[in-house]
Each structure stands twice: as structure tokens, then as C-alpha cells.
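My questions will all concern the structure given below.
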Amino acid sequence: MGLGASAPPGSTSVSMPKDKSKPGSLLIKGGHLIDPAANIDAPMDVLLRDGRVAEIALPNKIRGSADEKFDARGLIVAPGFIDLHVHLREPGQGYKETIVTGTEAAAAGGFTSVCTMPNTTPVVDTPEWVAWQRQAERGGVVNVFPVAAATRASRGAVLTDFAALRRAGAVGVTDDGKPILDDEIMRAALLLGADVNLAVVQHAEDTRITENCSMHEGPTSFRLGLRAMSSIAEASIVDRDVRLAQRIPGSRLHVAHLSTADALKAVRRGKRGNAKASVTCEVTPHHFTLLDQDVGEYNTNCKMNPPLRSAADREAILVALADGTVDAIATDHAPHATHEKEVEFDRAAFGVTGLETALALAITKLHREQKIRLTRIVELFTAGPARVFNLPGKGRLKEGFDADIVLVDLKRKTRIRPESFLSRAKYSPFENMHVQGLVHTTLVGGTVVFQDGEIVGKHGSGRIVKRGLRG
Ligand SMILES: [Zn+2]
């Protein structure tokens with residue numbers, strides 16, 4: 001039941017228990033609410049109680065009372081962002097990132113939920129490891145939703161136990177980092193996914209033709225003399241997957257970090273086709289911002305997989321972001337240690353940081369330059385991703401939904417400074433870029449976890465940082 005509905009009607013002074021394990025109640029007042037799922041783009045006040053949304057009303061019309069008030073004048077209030085594709089690197093690779101540092105970076109970027117990829121050491125292919133990633137002892141400051149391996153050790157040969165993984169808390173399955181290449185295994189994964197209602201997330205790359213390649217095939221790879229991958233390597237896998245999915249009623253295919261115009265065409269076919277299968281896709285901020293030529297003189301910060309593509313590919317992505325074909329912006333935050341990036345280009349690790357720059361890039365590149373509406377951008381960070389993985393209580397601000405909220409200062413201009421990242425990985429292809437839009441405050445379950453540039457609390461700690469009413 002929605003908490004607002006359980007409050008006595010017309011009550012003005014609800015006495016809150018002073019139990020420190022409870023977040024209590026907080027009134028966010030004077031902000032501009034954007035909640036695409038509810039079609040709201042207007043000044044609204046929001047009352048949070050016991051970790052959930054209790055009431056949403058026009059300015060000064062909230063009926064319930066609150067322990068604390070938060071002055072949100074001049075700020076956008078939106079559902080907390082959801083990132084469908086991050087690498088938190090635990091278990092096993094804590095020298096690159098940990099669940100603590102990765103979720104702190106997420107909070108700084110306005111993300112209240114992150115879906116973590118299973119290509120860790122060991123690979124997350126059992127219910128035990130899924131449960132381990134979700135344990136409170138891991139110290140995550142935002143919600144962590146594991147995406148488990150689709151095949152044992154992600155070797156692409158034997159499917160994992162999807163039902164057991166789902167019961168342990170997995171929200172999807174993938175062999176990310178690698179594709180599921182074999183037609184029969186992919187078909188079986190989509191069938192089993194349909195059975196247990198899990199999305200199969202494909203890292204679309206025909207690795208039979210991309211071996212030892214380190215960037216996109218084009219004039220830049222030719223000039224630099226680097227082995228390069230053609231866009232066909234991505235599009236052919238997406239095309240095959242869409243055809244497989246469409247023959248399996250109830251199947252859910254999700255294309256990770258889509259980067260090419262041709263792969264988009266296949267996704268469009270999948271979305272237009274019969275409604276028996278769900279075909280969704282995500283794109284990354286680096287693919288809508290940068291081009292293969294930004295690799296410049298072997299800049300390893302621009303080395304990621306899929307690689308930065310051509311201007312035509314980026315143009316197609318921008319169109320698809322605006323027209324609704326793309327379901328979510330996902331960062332593919334893939335941190336590495338400095339010694340893994342500061343080496344020769346063809347030996348450097350693939351991967352970019354993304355959690356702390358995604359929103360500013362979306363506002364700067366998509367909203368200000370491309371004139372994509374803010375409501376659509378917020379949808380790509382909230383309701384869109386929540387739909388892809390069926391995350392209940394997430395992605396919108398409705399009575400009874402989780403009090404996961406981000407407050408954004410749209411006007412604040414900044415320069416991207418990787419040395420100030422909360423992520424362990426202090427590098428970025430966007431270093432020194434001037435951007436607009438800053439995450440002011442992030443709340444998870446009604447608790448302020450990030451504010452004014454620093455981590456201030458932990459989800460469930462009951463700590464609410466008060467920002468006194470101004471004036
Ligand atoms: Zn991938």
C-alpha cells in the first residue's frame with residue numbers, strides 16, 4: 001500500500017519515531033519536478049516518509065508534515081537515475097574499483113541504482129555470488145542490481161541457472177565483455193529468459209572478426225596503423241539476435257552499449273515487429289559525444305569496446321535518442337587502474353569511466369546542442385531503464401515508490417576534472433571539457449547520500465542532511 005494512503009486523512013502533525021535506522025520524513029519544497037512516467041514537468045513539492053514517496057502536490061499543497069525540509073528552489077527534482085551497465089569490479093578486481101567507490105561515483109552522478117556486469121573474478125554465474133554483491137557488507141551507497149552471467153564462466157557454452165539467479169536477485173543475464181556467439185546457445189538463452197522473465201543482455205560483437213582490434217575501422221585507424229573493427233561486427237550480431245527473439249514469444253532481448261547505425265536499424269525492425277518479443281537497447285554518453293577521430297594521437301582514454309564510431313553512426317544515435325528508439329542511456333562505466341591505461345594503445349585496457357560525467361554530457365550535448373527535451377533525457381535515465389529490467393518501485397516518483405531522487409542544478413557550469421572523481425579510476429576522455437548541469441543532491445531510500453560534491457550519508461543510515469530554507 002502507498003504510504004500516503006495509509007496516513008490519516010488531513011493529519012497535519014504526524015509524530016515520527018526517532019529511530020535512527022529509519023530515514024524519517026523529508027519535504028522537498030520549491031523544486032521543479034520532472035517525472036516522465038507520470039507526465040509531470042512542473043513546480044511540485046514532494047514528501048518522503050520511511051524511505052518512500054508519501055505525497056506529491058502543487059507548491060505549498062502538501063498535506064502531511066515532515067521532520068525536515070529541503071529547499072529545492074532553482075533545482076530540478078527527478079527520480080533517481082538508473083544505470084543499466086556498470087562494472088563495479090567486485091568480486092576480485094578491487095584494485096580497479098570496488099562496490100564502495102563505484103557506488104559513490106554513481107551517487108555523485110545522480111544514479112541511485114546501478115546494474116553491475118558479471119565479468120569479474122570469478123565471473124558472477126552463481127546465486128551465491130549474486131547474493132554476495134547485494135549484501136549490505138559490500139558498502140554500496142546506492143542500490144546494486146546484479147546482472148548475472150548467461151553462461152557458465154561466460155564461456156558461451158552452458159547456460160547458467162536463470163531461475164536460481166533471478167531468485168537470488170539478478171535482474172538480467174549477460175556474458176558482457178564477450179558476446180554469446182553460438183546461434184543455438186543464444187536461442188536457448190532467449191527461450192529460458194522468456195520462461196523466467198529475464199532480459200538477455202547481448203554484448204554485440206562478432207569476435208571472430210575483431211580479434212586484436214583496438215578501435216573503429218576508418219580513416220583514423222588507417223592513419224594510426226591500428227587493427228580495427230568494422231561496424232558489421234556489431235550489426236550482424238544484433239541482426240541475428242533480433243531475428244531469434246522475434247521467433248520466441250515472451251523473450252526479452254536487450255542490446256548493450258549500441259554504437260552503430262546498422263545495429264540501430266536491426267533494433268528498429270525488432271521494435272516494429274510483432275509484440276511477442278521485447279527488443280530494447282541502451283547507448284552510452286561517449287558514443288553520443290565523441291568520434292573515432294577523438295582517439296587523436298593514441299589517446300588510450302578513448303579506447304573502449306565498442307569503440308568510438310564514425311560521424312554517421314553518432315548522427316544515427318542522436319536521432320534514435322530523440323525519437324524513442326533508444327530505451328536508456330547507460331554509462332558502461334568500466335574503470336581500470338592507471339597502469340592498465342597508460343601503455344601503448346593496442347595494449348591498453350578497453351574501458352571508460354562514465355558515472356560522474358553522464359548527466360552533464362546529456363544536458364550539454366543532447367539538451368543544449370541537440371535540443372532534445374529535458375523530459376526525454378530524464379526518461380532515458382529513469383523510466384526507460386526501469387522498464388528494460390522490470391525494476392519495481394524504481395524509475396518514477398509515485399506515492400509508495402522508493403524515495404530515490406536526484407536534484408539537479410541545470411545552470412551550473414563546470415569543467416570535467418577526473419582527479420576529483422570519486423571513482424578509483426581518475427581518467428576520462430572528457431577531461432577539461434566544459435559542460436553544464438550538476439548533480440546537487442542524491443537521495444537513496446529517502447536518505448541523502450551525496451550533496452554539494454561529497455558523500456554525506458549511507459543508504460539506511462537514517463542520516464538526513466538538512467538544507468535550511470533560504471531567505
Ligand atoms: Zn560490453
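Quick caveat, the model's predicted, so the values are computed rather than measured.
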#### Entry: Under 3.5 Å donor-acceptor, Tyr427 side chain and His336 backbone
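Checking the backbone N and O of His336 against the side chain of Tyr427, a donor-acceptor pair under 3.5 Å is found.
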
### Query
Can you name the closest pair of heavy atoms from Val283 and Leu258 and give their distance?
CG1-O, 3.6 Å

### Non-neighbouring partners of Glu419 that pass side chain to side chain donor-acceptor pair (under 3.5 Å), sequence neighbours left out
none

#### Entry: Pairs touching residues 98-117 that satisfy ring pair (Phe, Tyr, Trp, His ring centres under 6.0 Å), sequence neighbours left out
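Only Phe81-Phe111, Phe111-Phe381 qualify under ring pair (Phe, Tyr, Trp, His ring centres under 6.0 Å).
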
### Query
Is a donor on one side and an acceptor on the other found under 3.5 Å between the side chain of Arg368 and the backbone of Gln436?
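No, the answer is negative, given that no donor and acceptor are paired below the 3.5 Å cut-off.
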
### Message
Using a 3.5 Å distance criterion without hydrogens, assess whether the side chain of Asn143 forms a donor-acceptor pair with backbone atoms of Thr112.
### Response
yes

### Within 6.0 angstrom of Arg412 CZ, more than 12 heavy atoms from elsewhere
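Check fails, neighbour count at 12 or below.
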
#### Entry: NZ/NE/NH1/NH2 to OD/OE distance under 4.0 Å, Glu340 and Lys96
yes

### Task
Check whether any side-chain heavy atom of Arg89 sits under 4.5 Å from a side-chain heavy atom of Thr120, and report yes or no.
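Not touching, per the 4.5 Å side-chain cut-off.
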
### Task
Considering non-hydrogen atoms only, spot the tightest contact between Arg424 and Thr98 and give its length.
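Nearest pair, atom of Arg424 first, then Thr98: NH1-CG2, 4.3 Å.
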
### Message
Between His287 and Pro306 (side chain of the first, backbone of the second, donor and acceptor by atom type, cut-off under 3.5 Å), is there such a pair?
### Response
yes

### Query
Among Leu253, Val173, Thr174, Leu84, which one satisfies side-chain contact (heavy atoms from CB on, under 4.5 Å) with Val201?
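The residue from Leu253, Val173, Thr174, Leu84 that satisfies side-chain contact (heavy atoms from CB on, under 4.5 Å) with Val201 turns out to be Thr174.
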
### Task
State whether Arg387 and Glu379 are salt-bridged, where the test is any N-O pair (Lys NZ or Arg NE/NH1/NH2 against Asp/Glu carboxylate O) under 4.0 Å.
yes

### Query
Which pair of non-hydrogen atoms, one from Pro122 and one from Pro91, has the smallest distance, and what is that distance?
O-CG, 3.8 Å

### Task
Return each pair, listed once, that meets ring pair (Phe, Tyr, Trp, His ring centres under 6.0 Å) where at least one residue sits in residues 129-186; pairs must be two or more places apart or across chains.
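The answer is Trp129-Trp132.
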
### Query
So, do Asn390 and Asn197 sit near enough that their side-chain heavy atoms are less than 4.5 Å apart?
yes

### Task
Could you list all the ring pair (Phe, Tyr, Trp, His ring centres under 6.0 Å) pairs where at least one residue sits in residues 340-362, not counting sequence neighbours?
none

#### Entry: Any residue meeting side chain to side chain donor-acceptor pair (under 3.5 Å) with Gln293, in chain and number order, not counting sequence neighbours
none

### Task
Report yes if some heavy atom in the side chain of Val435 is under 4.5 Å from a heavy atom in the side chain of Ile416; otherwise report no.
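The answer is yes, as the side chains (C-beta and beyond) meet within the 4.5 Å cut-off.
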
### Message
Suppose the criterion is side chain to side chain donor-acceptor pair (under 3.5 Å): which pairs have a residue in residues 264-273, not counting sequence neighbours?
### Response
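Output for this query lists Asp239-Arg269, Asp262-Lys265, Arg268-Asp323, Arg268-Thr325, Lys271-Asp327.
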
### Task
Is it possible for you to check whether Arg396 lies under 6.0 Å from the centre of the six-membered ring of Phe401, through NZ or CZ, and within 45° of that ring's axis?
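Yes, a cation-pi geometry.
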
#### Entry: Residues forming a side chain to side chain donor-acceptor pair (under 3.5 Å) with Asp125, sequence neighbours excluded
none

### Query
Who passes side chain to side chain contact (heavy atoms under 4.5 Å, CB included) against Arg314, sequence neighbours left out?
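Side chain to side chain contact (heavy atoms under 4.5 Å, CB included) check on Arg314 returns Leu291, Leu318.
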
### Query
How would you list all residue pairs meeting ring pair (Phe, Tyr, Trp, His ring centres under 6.0 Å) that involve residues 254-276, not counting sequence neighbours?
His85-His257, His203-His257, His254-Phe389

### Summary
Hits for ring-ring contact (aromatic ring centres under 6.0 Å, His included) against Phe450, two or more places apart or cross-chain, chain-then-number order -> none

### Task
Of all the heavy-atom pairs spanning Gly445 and Asp404, show the shortest one and how long it is.
N-OD1, 2.8 Å

#### Entry: For Glu297, all residues meeting side chain to side chain contact (heavy atoms under 4.5 Å, CB included), sequence neighbours excluded
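Listed in chain order: Arg223, Leu224.
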
### Query
Yes or no on salt bridge (Lys or Arg N to Asp or Glu O under 4.0 Å) for Arg227 and Asp346, after CA distance, side-chain angles and deciding distance?
CA-CA 8 Å; Arg227 273 182 72 101; Asp346 54 1; over 6 Å; no

### Message
Looking at Glu342, I want to see if its CD is surrounded by more than 12 non-hydrogen atoms of other residues, nucleotides or ligands under 6.0 Å.
### Response
no

#### Entry: Qualifying residues under side chain to side chain contact (heavy atoms under 4.5 Å, CB included), relative to Ala163, sequence neighbours excluded
Asp161, Arg167, Val196

### Task
Indicate the atoms forming the closest heavy-atom contact of Ala168 with Val130, along with that distance.
O-CG1, 3.5 Å

### CZ/Arg240: more than 12 non-hydrogen atoms of other groups inside 6.0 Å
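Atom CZ in Arg240 is packed in, count exceeds 12.
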
### Message
Are Leu422 and Thr101 packed together at the side-chain level, in the sense that at least one heavy-atom pair is separated by less than 4.5 angstrom?
### Response
no

